[in-house]
Each structure stands twice: as structure tokens, then as C-alpha cells.
Amino acid sequence: MGRIGIFIERYTITRSEEMGALMRYSQVARRLGHQVDYIFRPDMYKIPQYDAIYIRAHTDPLNSSYIAARTAQLNGVRVIDDPDSIYICCDKVNMYQHLKNAGVSMPETLFLEQRDLNLERGAELFHTLSNPLVLKAPNSSFSMYVERVQTPKEYVRVGNRFLRRADRIVAQRFIRSEFDLRVGVLAGEPLYVCQYLIPKKRWKILTHIENGRIICGPVKGVELDQADPRLLDTALQAAKAIGNGFYGIDLKQVDDGFVVIEVNDNPTINAGEEDQKAPHLYERITRYLMGEWGLS
Ligand SMILES: Nc1ncnc2c1ncn2[C@@H]1O[C@H](COP(=O)(O)OP(=O)(O)O)[C@@H](O)[C@H]1O
Ligand SMILES: [Mg+2]
């Protein structure tokens with residue numbers, strides 16, 4: 001019997017699918033004999049009293065969720081997500097650098113500075129990487145600061161806009177596909193696989209924030225044992241390059257395998273979506289949090 005605190009923000013419970021996943025999670029954890037409480041910001045001082053903290057809120061080193069993660073870590077409380085993973089994943093330059101260092105397969109990726117933002121360099125990148133070219137601000141999430149550019153002029157304009165938010169931005173080869181593949185990985189093992197479908201005439205999964213609500217495209221679950229072993233293998237390598245916690249690895253299929261588009265900490269879990277073909281995921285998260293499984 002343990003005490004689990006789920007750290008949430010108000011917006012976590014505005015979407016019924018997200019709320020549904022939290023209810024499913026607490027039901028499972030209670031069935032396993034644990035006490036489950038929701039912790040809002042004003043109750044953060046209670047974190048040290050818990051055995052484990054499960055963060056379900058946007059994670060960013062500048063958000064209270066990071067303070068919750070650090071407080072848990074400093075007090076020896078097991079936590080998803082651990083602060084080191086949050087720190088790495090919330091900065092795409094840092095995250096891709098970890099993947100590169102570990103030799104994880106990914107689209108060709110460069111980090112650009114102000115001096116790269118001229119028409120000549122743009123033309124060169126269209127030639128050496130791809131046209132269109134994908135530009136990303138390091139702290140993008142929900143596809144907000146990820147854009148496709150097709151001319152050197154566009155490259156300079158979007159690049160300059162993104163550089164207002166950071167001192168380096170990411171340029172990446174464009175990989176065409178009908179869906180993003182997502183592999184959920186916990187403690188170095190695959191937890192679930194799903195496809196996020198890209199709506200027709202768009203190139204990104206339709207995930208954005210509208211009036212404080214997160215809007216997503218259709219999600220299709222894939223049985224773990226039906227997933228391509230190369231997909232799982234690449235996802236596990238990517239997770240290992242970051243840490244030993246809970247990650248959502250986004251991948252795309254290419255001719256000779258899979259490339260990693262992003263490693264997300266705090267991956268979305270919506271009832272009926274990520275858990276579609278993985279009903280065991282709530283139990284696995286609970287066992288991990290209680291130190292019964294995946295101890296590092
Ligand atoms: N190199 C790429 N080629 C094709 N599509 C991409 C590429 N990079 C990102 N995308 C699309 O844009 C979406 C958002 O990019 P991502 O790097 O995941 O940023 P965010 O953190 O904002 O989600 C991805 O889910 C994917 O659909
Ligand atoms: Mg993403």
C-alpha cells in the first residue's frame with residue numbers, strides 16, 4: 001500500500017479524454033491497493049509526504065511541474081517525469097544532441113545560429129537537406145513552433161522569428177508520411193504504440209491549443225506484438241539516449257527503417273487513444289511508481 005500523488009493543473013482536466021485517462025489510472029492504482037490523491041499547485045508542499053508523484057501537466061523547466069519533479073527527486077520520492085528528462089526534452093537542441101551522441105537514427109538535423117540566417121545559407125540547406133525544410137524553435141510543443149519553409153526568403157523570415165525565442169534553432173530534413181508513429185517507453189520497455197494521423201492537405205499532426213484546450217487528430221492504437229521490431233528497437237534506443245523514465249517517442253518510417261522525430265517527456269495519455277491496444281499501461285505506470293518494476 002503506497003501513497004501516490006498525481007500532480008495536475010486545471011487545464012489537465014479540461015479535456016474529457018485526458019480526464020478519463022486520469023480516472024482509469026486512479027481506479028487501477030486503487031485496485032492495486034494504493035491511495036491516490038490529486039495535487040494542485042497550492043498543495044505542492046505535501047509532495048515529500050508521498051511515495052510517488054505522477055506529473056500530468058505541461059512540463060517545462062520554467063513551470064511548476066518542474067518544481068514538483070525536483071521536490072520529489074530531492075526528497076527521494078519516485079517521480080514521473082524525472083527533472084533531468086524534463087530538462088533535456090524541453091530543449092530540442094539538447095534533446096537532438098543526446099540522440100546524435102547516441103547514434104540514434106533520425107532525419108539529418110542541424111543547429112543554426114543568427115549568422116546562418118541569410119539567403120545563401122538557406123539555398124545551400126535546401127540543396128543539402130531537403131526542400132521543403134523543417135525549422136523548429138527549441139522549446140516548441142504541440143507543433144506550435146515547427147514550420148516548413150520552401151524558399152530562402154521564407155527560411156530567413158521564419159528562422160529570424162524563431163531566433164527571437166532562442167539563440168539556436170533546429171533545421172531538419174523533411175520526411176513525408178501519412179502519420180506519426182508514437183511509441184510509449186517506460187523504464188526501457190515499450191508500453192504502447194499508436195499512430196497519430198495527419199489530416200489531408202496538412203503535414204503535421206493536428207495538435208494545437210485552442211482557447212486553452214488541446215485539439216488532436218485521430219489516433220489509432222497498434223498492438224505491441226504487431227509493431228515492427230525495428231520500430232520498437234529505434235524507439236528504445238532513443239529513450240535510452242535520454243534516460244530511464246517515461247517517454248513518447250515520435251518516429252516516421254523511411255525506406256530502410258525508422259527515424260526519430262522527437263522524444264517527448266510527459267507524453268499524452270488519453271482514454272481510448274494511447275491505451276486503445278494497451279490497457280495494461282496504467283498498471284505498469286503504477287508498478288513503476290511504486291518501485292515494483294523497472295528499478296534502475
Ligand atoms: N523532419 C520532419 N519531417 C516531417 N514532419 C515533421 C518533421 N519534424 C516534425 N514534423 C511534424 O511536425 C510535428 C511537430 O514536430 P515536433 O518536432 O514533434 O515538435 P513539437 O514538440 O512542437 O511537437 C511532428 O509531430 C510531425 O508530424
Ligand atoms: Mg511533437
Side-chain angles (χ1 to χ4, degrees), residues 58-63 81 85-100 104-112 125-126 128-150 155 158-159 161-162 165-166 168-185 193-210 214-220 231 234-235 238-239 241-242 246-255 257-270 273-274:
H58 300 322
T59 45
D60 183 302
L62 297 176
N63 283 358
D81 309 277
S85 298
I86 297 177
Y87 191 81
I88 297 168
C89 293
C90 288
D91 171 4
K92 286 191 169 30
V93 171
N94 195 352
M95 183 262 298
Y96 288 127
Q97 194 62 58
H98 276 75
L99 299 184
K100 278 189 180 190
V104 175
S105 123
M106 57 196 260
E108 252 172 282
T109 302
L110 295 176
F111 306 132
L112 307 176
L125 292 177
F126 286 124
T128 53
L129 289 182
S130 65
N131 189 349
L133 182 69
V134 179
L135 294 182
K136 309 185 183 190
N139 60 347
S140 174
S141 52
F142 304 108
S143 305
M144 270 190 301
Y145 301 102
V146 173
E147 287 195 24
R148 222 167 46 158
V149 293
Q150 280 168 307
Y155 160 82
V158 173
R161 181 153 57 79
F162 285 177
R165 307 171 49 83
R168 280 197 294 176
I169 61 168
V170 173
Q172 202 167 56
R173 179 191 290 274
F174 175 66
I175 313 285
R176 197 172 297 283
S177 69
E178 284 166 19
F179 49 81
D180 276 7
L181 282 157
R182 163 71 58 97
V183 181
V185 175
V193 177
C194 55
Q195 297 178 350
Y196 295 132
L197 302 177
I198 299 172
K200 285 207 165 38
K201 298 205 181 128
R202 285 183 175 255
W203 67 279
K204 295 188 281 193
I205 51 168
L206 188 62
T207 308
H208 59 273
I209 300 181
E210 212 173 82
I214 301 165
I215 310 296
C216 305
V219 183
K220 188 168 161 249
L231 171 76
T234 309
I242 308 297
F246 181 27
Y247 310 100
I249 320 289
D250 289 336
L251 305 103
K252 288 196 191 275
Q253 182 152 24
V254 289
D255 291 342
F258 296 87
V259 287
V260 175
I261 294 290
E262 192 190 17
V263 179
N264 297 280
D265 66 299
N266 210 268
T268 308
I269 299 182
N270 287 327
E273 297 182 352
E274 287 76 8

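Remember, it's 1-based here, ligands and their atoms both numbered in the order they're listed. Bear in mind that the values here come from a model prediction, so they are computed numbers and not experimental data.
- Using a 4.0 Å cut-off between heavy atoms, Val134 contacts ligand 1 through its side chain alone, with no backbone atom that close.
- Between the side chain of Arg173 and the main chain of Leu129, a donor-acceptor pair closer than 3.5 Å is present.
- Side-chain atoms of Thr59 never come within 3.5 Å of backbone atoms of Asn266 as a donor-acceptor pair (strictly under, hydrogens ignored).
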Item to check | salt bridge (charged side-chain N to carboxylate O under 4.0 Å, His left out) between Glu147 and Arg161, worked out | outcome: CA-CA 11 Å; Glu147 287 195 24; Arg161 181 153 57 79; 2.7 Å; yes
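- Not one N or O on the side chain of Gln97 forms a donor-acceptor pair closer than 3.5 Å with the backbone of Val93.
- Atom CZ of Phe258 has more than 12 heavy atoms from other residues, nucleotides or ligands within 6.0 Å.
- More than 12 heavy atoms of other residues, nucleotides or ligands lie within 6.0 Å of NZ in Lys100, so this atom counts as buried by the packing criterion.
- Excluding water, every protein N/O/S atom under 2.8 Å from the Mg ion (ligand 2) is given here by residue and atom: Glu262 OE1.
- Checking each of Asn94, Val263, Asp265 against Ile242 for a side chain to side chain contact (heavy atoms under 4.5 Å, CB included) leaves exactly one that passes, namely Val263.
- Regarding atom 12 (O) of ligand 1, its nearest protein heavy-atom neighbour is Lys204 CG, 3.5 Å.
- Contact atoms of ligand 1 toward Phe174: 3 (N), 4 (C) (distance under 4.0 Å to a heavy atom of the residue).
- Looking only at heavy atoms of the protein, atom 22 (O) of ligand 1 is closest to Ser140 OG, 2.6 Å.
- Residues Tyr196 and Lys204 bring no donor and acceptor atom of their side chains to less than 3.5 Å of each other.
- Considering backbone and side-chain atoms alike, Lys136 places an N or O below 3.5 Å from some N or O of ligand 1.
- For ligand 1, the polar-atom distance check finds an N/O of Asp180 within less than 3.5 Å of one of the ligand's N/O atoms.
- Of the protein's non-hydrogen atoms, Val146 CG2, 3.6 Å is the one closest to atom 15 (O) of ligand 1.
- A salt bridge does not link Glu273 with Lys220: none of the charged nitrogens is closer than 4.0 Å to a carboxylate oxygen.
- The protein heavy-atom contact nearest to atom 14 (C) of ligand 1 is Ser143 OG, 3.3 Å.
- Scanning all protein heavy atoms for the shortest distance to atom 10 (N) of ligand 1 gives Trp203 CZ3, 3.8 Å.
- By the 4.0 Å heavy-atom criterion, Tyr196 is excluded from the residues contacting ligand 1.
- Contact between Arg148 and ligand 1 is absent, with no heavy atom of the residue lying under 4.0 Å from the ligand.
- Using modelled atom types, one finds a donor on one side chain and an acceptor on the other under 3.5 Å when comparing Asp250 with Asn264.
- The closest heavy-atom contact to atom 2 (C) of ligand 1, among the options Arg173, Arg182, Arg202, comes from Arg173.
- Nearest protein heavy-atom neighbour of atom 5 (N) of ligand 1: Lys252 CE, 3.4 Å.
- Contact annotation: the side chain of Tyr155 approaches that of Leu125 to within less than 4.5 Å [non-hydrogen atoms, C-beta and beyond].
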Item to check | Steps toward side-chain hydrogen bond (donor to acceptor under 3.5 Å, both in side chains) verdict (Tyr145, Lys92) | outcome: CA-CA 11 Å; Tyr145 301 102; Lys92 286 191 169 30; over 6 Å; no
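- More than 12 heavy atoms of other residues, nucleotides or ligands shown are found within 6.0 angstrom of CD on Glu108.
- Close approach of ligand 1 to Ile261 (heavy-atom distance below 4.0 Å) involves ligand atoms 1 (N), 2 (C), 7 (C), 8 (N), 9 (C).
- In the vicinity of Ile205, heavy-atom distances shorter than 4.0 Å reach the ligand 1 atoms 25 (O), 27 (O).
- Scanning both residues, Thr109 and Gln172, for their nearest heavy atoms gives OG1-NE2, 3.0 Å.
- Using a 4.0 Å heavy-atom cutoff, Arg176 is absent from the residues neighbouring ligand 1.
- Taking only nitrogen or oxygen atoms, main chain and side chain alike, Ile175 reaches within less than 3.5 Å of ligand 1.
- Under the 4.5 Å side-chain criterion, counting only non-hydrogen atoms from C-beta, Leu99 is in contact with Val260.
- Annotation: atom 16 (P) of ligand 1 to nearest protein heavy atom, Glu262 OE1, 3.6 Å.
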